[in-house]
Amino acid sequence: MTWSLPQPMLTVAVDSPALPAGFAAEPKWDGFRAQLAVHGGGRVLMRSRQGTDMTGSFPEIRAAALAQLPPDTGLDGELVVWETGRLAFERLQQRLARRGAGASETAGQWPAHYVAFDLLHQGDTDLTGFAYRRRRAALEALFAEHSVAGPLTLCPSTTDPALAEQWLG
């Protein structure tokens, strides 16, 4: 079955970091929004919010996705680079322009991480029409069942208003 990634759902600004009842919050990342698809036959696609193919710039993410995720998995998340204990957006920008040997070299110097916050597709199922709670539960199960680990990371999520305010305040 052929499937493709949907258009990314965009975040919505809020007036207050207060978390309404029944909502969940996630930390804000200083990175690049990226959708990640693992298809059968070893094909991986990582694309930006604008649809630009970024797969060649992040060979370590491609390799981890192939090794850890089952075929026909589609994720939404954020690419980040850490440097000296902080997020380094400028290093991420430098990584984006590299391909081939240059991308492999900078991957060793400034490794990227993919922080997954949504599961869009799994097996034969398009999950985009499902409620957030159901998609989140499926994403957590995917990470647990397949022992998904770095550089792929599950984004923290909370329904605790106090923790949400710490993250968003």
Side-chain angles (χ1 to χ4, degrees), residues 1-9 24 26-128 130 132-157:
M1 177 178 171
T2 302
W3 61 276
S4 60
L5 291 166
Q7 290 298 315
M9 292 180 270
E26 298 165 345
K28 181 184 179 328
W29 301 97
D30 190 14
F32 285 139
R33 175 81 175 272
Q35 291 181 323
L36 179 63
V38 178
H39 296 278
R43 191 167 62 93
V44 174
L45 171 66
M46 186 169 26
R47 73 172 194 197
S48 73
R49 191 172 77 186
Q50 292 79 22
T52 304
D53 184 349
M54 301 186 297
T55 315
S57 296
F58 301 95
E60 72 276 33
I61 303 299
R62 180 186 183 282
L66 274 175
Q68 298 182 51
L69 298 174
D72 297 320
T73 298
L75 300 173
D76 199 357
E78 191 96 358
L79 279 166
V80 296
V81 169
W82 291 91
E83 184 177 47
T84 60
R86 67 173 184 82
L87 291 170
F89 186 75
E90 62 281 0
R91 298 296 186 213
L92 189 61
Q93 287 178 304
Q94 292 168 352
R95 292 281 318 270
L96 192 58
R98 309 271 167 85
R99 300 275 193 268
S104 295
E105 180 181 317
T106 55
Q109 193 174 12
W110 304 309
H113 300 267
Y114 184 81
V115 183
F117 52 74
D118 204 355
L119 181 58
L120 307 172
H121 194 94
Q122 186 174 36
D124 293 332
T125 307
D126 176 353
L127 301 173
T128 58
F130 295 174
Y132 169 78
R133 283 186 178 165
R134 185 172 175 186
R135 292 192 323 270
R136 179 65 192 198
L139 177 63
E140 290 174 2
L142 173 77
F143 267 69
E145 291 167 10
H146 293 275
S147 302
V148 178
L152 307 178
T153 304
L154 180 61
C155 182
S157 178

Distance col, row Thr55:OG1 vs Leu45:CG, nearest 0.5 angstrom, shows 4.5 Å

The side-chain hydrogen bond (donor to acceptor under 3.5 Å, both in side chains) partners of Asp30 (sequence neighbours excluded) come to none

Applying side chain to side chain contact (heavy atoms under 4.5 Å, CB included) to Ala24 and not counting sequence neighbours gives Tyr132, Ser157, Thr159

**Prompt:** Does Ile61 reach the side chain of Met54, with side-chain heavy atoms less than 4.5 Å apart?
**Reply:** no

Shortest non-hydrogen pair, Leu92 vs Gly31, comes out as CD2-CA, 3.5 Å

* To do: May I have the step-by-step check of side-chain contact (heavy atoms from CB on, under 4.5 Å) for Leu75 and Leu119, ending in yes or no?
  => CA-CA 5 Å; Leu75 300 173; Leu119 181 58; 3.6 Å; yes

Separation between CZ (Phe58) and CG (Leu96), nearest 0.5 Å, reads 5.5 Å

Nearest heavy-atom contact between Ala107 and Pro59 is CB-CG, 4.4 Å

In terms of heavy-atom contacts, Glu78 and Trp29 come closest through OE2-O, 3.4 Å

Output for pair (Leu79 CG, Arg33 CZ), nearest 0.5 Å, gives 11.5 Å

Across all chains, not counting sequence neighbours, the ring-ring contact (aromatic ring centres under 6.0 Å, His included) partners of Phe32 are Phe89

Does Gln50 offer a backbone N or O that forms a donor-acceptor pair with the side chain of Ser48 under 3.5 Å?
yes

Residue set satisfying salt bridge (Lys or Arg N to Asp or Glu O under 4.0 Å) with Glu105, at least two apart, ordered chain then number -> none

For a 4.5 angstrom cut-off between non-hydrogen side-chain atoms, does Leu139 reach Gln122? no

Here the salt bridge (charged side-chain N to carboxylate O under 4.0 Å, His left out) pairs for residues 55-71, sequence neighbours left out, are Glu60-Arg95

All N/O donor-acceptor pairs, side-chain side in residues 142-154, below 3.5 Å, sequence neighbours left out:
none

Here the gap from Asp118 atom CG to Arg135 atom CZ, rounded to the nearest 0.5 Å, amounts to 4.0 Å

Nearest heavy-atom contact between Tyr114 and Asp76 is OH-C, 3.1 Å

Closest heavy-atom pair, Arg136 versus Cys155, reported as atoms and distance to 0.1 Å, is NH2-O, 2.7 Å

**Prompt:** Taking C-beta and beyond as the side chain, do Thr106 and Gln94 meet within less than 4.5 Å on heavy atoms?
**Reply:** no

Contacts of Phe130 meeting ring-ring contact (aromatic ring centres under 6.0 Å, His included) (sequence neighbours excluded), chain-then-number -> none

Applied to residues 81-93, the salt bridge (charged side-chain N to carboxylate O under 4.0 Å, His left out) test, sequence neighbours excluded, yields Glu83-Arg91, Arg86-Glu90

The reported gap from CG in Asp72 to NE2 in His39 (rounded to nearest 0.5 angstrom) is 7.5 Å

Correct closest heavy-atom pair for Val38 and Ala65 would be CG2-CB, 3.8 Å

Rounded to the nearest 0.5 angstrom, the CD-NE2 distance for Gln35 and His121 is 12.5 Å

